[in-house]
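Scroll down for the structure; my scribbles are underneath it.
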Amino acid sequence: MSSTPVPNSARLAVLLPFAAVTLIWGSTWIVITGQLGTVPPTWSVTYRFLIGGMAMLIWAAVTRQPLKLDARGVGFAALLGLFQFALNFNFVYRAEGHVTSGLVAVVFALLLVPNAVLARIFLGQRLGRQLIIGSLIAMAGVALLFLHEIRRDPAASGEVYLGIGLTMLGVLSASIANVMQAGETAKAYPMATMLGWAMLLGAAMDGTFAWVTTGPPVFDPRPSYIAGVLYLGILGSAVSFPLYFSVLRKIGPAKAAYSSVIIPVLAMLLSTVFEGYRWSWLAGAGALLAGAGLVLALRARRPNR
């Protein structure tokens, strides 16, 4: 059976937000590194999503979307806040205290695996052959990038494994949230309203955990820290998450997760400039394979059949 050609306008409606999210999130890894130090990681996460949540609800009000959620909506927002904006980011911020931002971004590229598995289980979405082949190529590239990191500093393997373990927990949390966003419950509510409350509820969980484990709020008055919080809260959250979730609803969690495959390459380029990351033929080959797998997978016409 022949498939109907996809109009260019439909492709742009996916590719433009996909590209914007990839570029923004490719830079957030290095910004997160600048949030570590004076302020405990969980307080930084709290500030990020307080700003992001307020920005989302302001946008909802400006666009005249309803600001209230019913009981089911509040429960869903709380679960989304727990997995996406509390567990996921607390694991990621702590991981960057043990390994470079580039390596955390590399491991996060594995998001496409649990996304594909959970989408198959809970949403009944199948993976086409082209998407599977693209995934295998991209995963080979991620493996080479990972091998480069291990070979670069064998003496620090303990720190590397701890950082990777924390990142994997973040990946699993993010994947659960991704599949939740692709379900019918999420689609029943305005996205800005749902995400705004999810971020604020997630921030409340973050703040409670931070107070219990590290004490009262701590803030860094340096302009660089404040700029980083604003960047992560507005661009990295209030702008990026609606764009990402809109793409996810159109093409499915597995395919949307390919943004996490190309993001490590951008993160490593920034890590090269700001953290002294050193490339090798392994890293270069890994970046090329990851990009080739991404292109192949995104050209699949029917990824969910």
Side-chain angles (χ1 to χ4, degrees), residues 21 25 28-29 32 35-36 40-50 52-53 56 74-99 101 103-123 142 161-183 185-186 191 194-210 212-213 232-233 236-238 240-242 244-245 247-249 252-254 256-261 263-264 267:
V21 168
W25 280 351
T28 57
W29 299 100
I32 288 174
Q35 301 284 289
L36 305 176
T42 308
W43 279 120
S44 290
V45 177
T46 303
Y47 304 145
R48 172 177 180 169
F49 292 117
L50 276 175
M56 289 302 304
V74 171
F76 185 87
L79 278 177
L80 184 62
L82 172 65
F83 287 109
Q84 183 72 72
F85 304 120
L87 294 177
N88 172 27
F89 281 90
N90 273 287
F91 286 132
V92 166
Y93 275 60
R94 279 166 172 75
E96 291 204 16
H98 301 280
V99 292
S101 62
L103 180 54
V104 175
V106 167
V107 178
F108 222 87
L110 298 173
L111 178 66
L112 65 95
V113 177
N115 268 19
V117 173
L118 293 178
R120 181 69 182 95
I121 295 172
F122 294 104
L123 303 176
V142 171
Y161 290 131
L162 178 57
I164 290 172
L166 291 169
T167 307
M168 289 300 296
L169 291 173
V171 168
L172 181 59
S173 301
S175 183
I176 293 171
N178 279 198
V179 174
M180 287 177 64
Q181 267 294 323
T185 301
M191 185 179 290
M194 175 59 70
L195 284 179
W197 284 113
M199 286 183 191
L200 290 179
L201 289 169
M205 299 174 198
D206 294 326
T208 300
F209 180 71
V212 170
T213 57
L232 293 169
S237 301
S240 298
F241 275 104
Y244 176 72
F245 284 139
V247 170
L248 183 148
R249 292 181 183 183
Y258 264 85
S259 63
S260 67
V261 175
I263 281 172

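For reference, positions follow the sequence shown, starting with 1.
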Q: For Arg48 and Phe89, indicate whether the former's side chain and the latter's backbone hold a donor-acceptor pair under 3.5 Å.
A: no
**Q.** Parallel, tilted or perpendicular: ring planes of Phe49 versus Phe85, cut at 30 and 60 degrees
**A.** tilted
Q) Rounded to the nearest 0.5 Å, what separation is found between the CZ atom of Phe241 and the CE atom of Met56? A) 10.5 Å
**Q.** Non-hydrogen atoms of Leu248 and Ala182 that approach each other most closely
**A.** CD2-CB, 3.3 Å
(Q) Please report the interatomic distance CG(Leu195) to CG(Leu80), rounded to the nearest 0.5 Å. (A) 6.5 Å
**Q.** is_close_aromatic(Tyr93, Trp43), centroid dist under 6.0 Å
**A.** no
Q) With respect to Met205, which candidate in Leu82, Thr46, Val45 satisfies the side chain to side chain contact (heavy atoms under 4.5 Å, CB included) definition? A) Leu82
Q | Nearest heavy-atom neighbours spanning Pro242 and Ser237 | A | CD-O, 3.6 Å
Q | Taking every non-hydrogen atom, the tightest pair across Gly52 and Ala238 | A | O-CB, 3.9 Å
Q. Tell me, do Phe245 and Gln84 make a side-chain contact under 4.5 Å, heavy atoms counted?
A. yes
**Q.** Exam field: side chain Ser240 to backbone Val21, donor-acceptor pair closer than 3.5 Å
**A.** no
**Q.** Whether Ser175 side chain and Leu172 backbone form a donor-acceptor pair below 3.5 Å
**A.** no
Q) Just how far is it from atom CH2 of Trp25 to atom OG1 of Thr28, taken to the nearest 0.5 Å? A) 8.0 Å
Q. For the residue pair Met180 and Phe76, what are the closest heavy atoms and their distance?
A. O-CZ, 3.5 Å
Q: Look up atom CG in Asn178 and atom OH in Tyr244, then write down how far apart they are to the nearest 0.5 Å.
A: 3.5 Å
Q | Interatomic spacing from CG in Leu87 to CG in Asp206 - rounded to 0.5 Å | A | 8.5 Å
Q) Under a 4.5 Å cut-off applied to non-hydrogen side-chain atoms, are Met191 and Arg249 in contact? A) yes
